[in-house]
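Worksheet: the structure to be examined is printed underneath.
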Amino acid sequence: MSTTILAPIVLCVLGIIFGAILAVASKVFAVEKDPREEAITECLPGANCGGCGYPGCGGYANAVVKGLAPVDACSPGGPEVAKQIGAIMGVEVEEGARKIAQVMCTGGGHAKTRYDYVGLESCLAVTRVSSGPLQCSYGCLGGGDCVDACKFDAIHIVNGVAKVDFDKCVACGACVDACPKNIIRIVPLNSKKYTEIPCASKDKGPVVRQACDNGCIGCKLCVKACPKEGAIVVEDFLAKINYDICIGCGLCSRACPRQLITVDGKVLPPKPKKPAAPKADAPKAEAPKAEAPKAEPAPAAEAPKAEAAPAEAPKAEEAPKAE
């Protein structure tokens with residue numbers, strides 16, 4: 001028998017033998033899975049984003065069953081999936097505030113550049129060229145690495161800076177890991193009014209003014225305007241919001257001279273000055289005018305008349321002397 005015919009026959013026989021061995025080994029050495037793991041895997045959205053900190057949805061389900069991960073760590077699933085997993089694990093789940101990604105930069109024409117970059121459209125590639133063209137070393141480069149990393153189409157480049165779509169964002173954290181500038185963070189979304197300070201610069205005020213038109217200069221006017229102590233603080237020349245205390249009143253946005261702080265995505269105008277003070281002073285100024293025409297001049301006019309009567313009396317007495 002020729003070798004050209006014998007070789008395929010030998011390979012087929014070996015394949016059958018090794019296949020049989022693997023089938024037997026899979027049954028003998030099989031590891032039984034906890035049925036709860038499969039039930040949890042079915043509840044998960046299957047995004048395999050890694051936002052929970054584990055390799056895919058299967059890894060997260062395994063960690064939950066072993067007690068290594070919380071039942072509410074799946075950001076894409078949200079509160080509904082957390083409740084389902086809690087029911088499987090027999091634990092109660094407290095519904096917390098929804099979280100989103102926040103880009104700590106306004107960019108979009110506000111940041112000033114040192115040179116014109118020409119090359120790959122990637123933030124990582126841009127940082128290789130003298131740390132990027134922006135004067136601000138904390139600014140968004142707009143290369144779109146975070147856009148490519150997001151599996152939910154929740155972040156896009158608008159006017160040269162990354163913008164998050166709150167309706168689509170699930171706070172998976174993929175954009176946070178992809179940003180070479182480390183200016184994206186996960187924050188809780190206030191259910192009433194979401195206050196945002198989109199700046200990450202830790203430079204002093206004069207340096208910020210030269211690099212950006214509306215970056216935070218650490219003036220602390222927002223801290224003075226805030227009615228809640230500790231809701232907003234300035235650390236390293238940068239204002240930061242404590243979302244556990246913030247009530248979304250918007251007074252910090254009205255007080256910010258750089259028009260940086262936004263409430264629900266909008267910069268609130270400064271409060272108009274109260275016109276009540278000038279109106280209250282007006283009647284006081286008019287009061288003396290009303291008192292000016294006094295009744296005292298009338299007696300003064302009658303006084304000369306009383307003196308004129310005695311003056312005529314002597315004339316009547318002089319008439320008899322002439323006779």
**OP:** Give, for atom CG of Asp148 and atom CD1 of Ile155, the distance between the pair rounded to the nearest 0.5 Å.
**Re:** 10.5 Å
**OP:** Let me see the working for Leu44 and Ile85 under side-chain contact (heavy atoms from CB on, under 4.5 Å), right down to the final yes or no.
**Re:** CA-CA 9 Å; Leu44 297 172; Ile85 298 175; 3.8 Å; yes
**OP:** Flag yes if more than 12 heavy atoms outside Leu120 fall under 6.0 Å of its CG atom; otherwise flag no.
**Re:** no
Original post:
To the nearest 0.5 Å, what is the distance between NZ (Lys193) and CG (Leu268)?
Top reply: 7.5 Å
Original post:
With distance as the sole test, does Thr41 use its side chain to make a donor-acceptor pair with the main-chain N or O of Ala61 at under 3.5 Å?
Top reply: no
**OP:** Begin with the C-alpha distance, continue with both residues' side-chain angles, and end with the deciding distance and a verdict on side-chain contact (heavy atoms from CB on, under 4.5 Å) for Val126 and Glu121.
**Re:** CA-CA 8 Å; Val126 175; Glu121 292 296 329; over 6 Å; no
Subject >> Gap separating the CD1 atom of Ile100 from the CG atom of Leu189, nearest 0.5 angstrom >> reply: 4.5 Å
**OP:** State the SG-NZ distance between Cys123 and Lys181, to the nearest 0.5 angstrom.
**Re:** 9.5 Å
Original post:
Can you get from Ile21 to Val13 by hopping between Ile, Leu, Val, Met, Phe, Trp and Tyr side chains that sit under 4.5 Å apart?
Top reply: yes
**OP:** Report whether Val176 and Val147 are members of the same hydrophobic cluster (ILVMFWY, side-chain heavy atoms less than 4.5 Å apart, transitive linking).
**Re:** yes
Subject >> Minimum heavy-atom distance between Tyr117 and Val129, given as atom pair plus value >> reply: CE1-CG2, 4.0 Å
**OP:** For the residue pair Val161 and Thr106, establish whether any side-chain heavy-atom pair is separated by less than 4.5 Å.
**Re:** no
**OP:** Show your working on side-chain contact (heavy atoms from CB on, under 4.5 Å) between Arg36 and Val64 and close with a plain yes or no.
**Re:** CA-CA 9 Å; Arg36 295 178 299 176; Val64 171; over 6 Å; no
Subject >> Closest non-hydrogen atom pair, Gln210 against Lys112 >> reply: O-CD, 3.2 Å
**OP:** Kindly indicate whether the side chain of Gln259, heavy atoms from C-beta on, has any atom under 4.5 Å from the side chain of Asn214.
**Re:** no
Original post:
Is there a path of hydrophobic side-chain contacts, each under 4.5 Å between heavy atoms of I, L, V, M, F, W or Y residues, that connects Leu22 with Leu14?
Top reply: no
Original post:
Of all residues at least two apart in sequence or in a different chain, which pass the side chain to side chain contact (heavy atoms under 4.5 Å, CB included) check with Cys252?
Top reply: Thr195, Cys222, Ile232, Ile261
Original post:
Do Val93 and Ile40 belong to the same hydrophobic cluster, where Ile, Leu, Val, Met, Phe, Trp and Tyr are linked whenever their side-chain heavy atoms lie under 4.5 Å apart, directly or via other members?
Top reply: yes
Original post:
When rounded to the nearest 0.5 angstrom, what is the spacing between SG in Cys140 and CE in Met104?
Top reply: 12.5 Å
Original post:
Can you find a pair of side-chain heavy atoms, one from Leu124 and one from Thr127, that are under 4.5 Å apart?
Top reply: yes
Original post:
Considering all heavy atoms of both residues, which atom of Ala231 and which atom of Ile245 are nearest to each other, and what is their separation?
Top reply: CB-CG2, 3.8 Å
Subject >> Nearest-0.5 Å distance that lies between atom CD in Glu196 and atom CG in Leu260 >> reply: 9.0 Å
**OP:** Let me see the working for Cys199 and Leu238 under side-chain contact (heavy atoms from CB on, under 4.5 Å), right down to the final yes or no.
**Re:** CA-CA 8 Å; Cys199 184; Leu238 177 64; 4.1 Å; yes
**OP:** With the side chain counted from C-beta on, respond yes when Val208 and Phe237 share a heavy-atom pair under 4.5 Å apart, and no when they do not.
**Re:** no
Subject >> Check: Arg98 and Pro188 side chains under 4.5 Å, non-hydrogen atoms >> reply: no
Original post:
Would you say the side chain of Leu141 lies within less than 4.5 Å of the side chain of Pro133, judging by non-hydrogen atoms?
Top reply: yes
Original post:
Does the side chain of Cys226 come within less than 4.5 Å of Leu251's, by heavy atoms?
Top reply: no
**OP:** Compare every heavy atom of Val164 with every heavy atom of Cys169, then report the nearest pair and how far apart it is.
**Re:** CB-CG1, 3.8 Å
**OP:** Please tell me if the side chains of Cys249 and Pro227 come closer than 4.5 Å, counting only heavy atoms from C-beta onward.
**Re:** yes
Original post:
Which atom names give the shortest non-hydrogen contact between Val170 and Pro76, and what distance separates them?
Top reply: CB-CA, 3.6 Å
**OP:** Mind jotting down which residue pairs meet the ring pair (Phe, Tyr, Trp, His ring centres under 6.0 Å) criterion with at least one end in residues 126-176? Sequence neighbours excluded, please.
**Re:** Phe166-Tyr194
**OP:** Please name the pair of heavy atoms, one in Ser131 and one in Arg114, separated by the smallest distance, quoted to 0.1 Å.
**Re:** C-NH2, 4.5 Å
Original post:
Linking I/L/V/M/F/W/Y whenever any side-chain heavy atoms sit under 4.5 Å apart, do Tyr60 and Val81 land together?
Top reply: yes
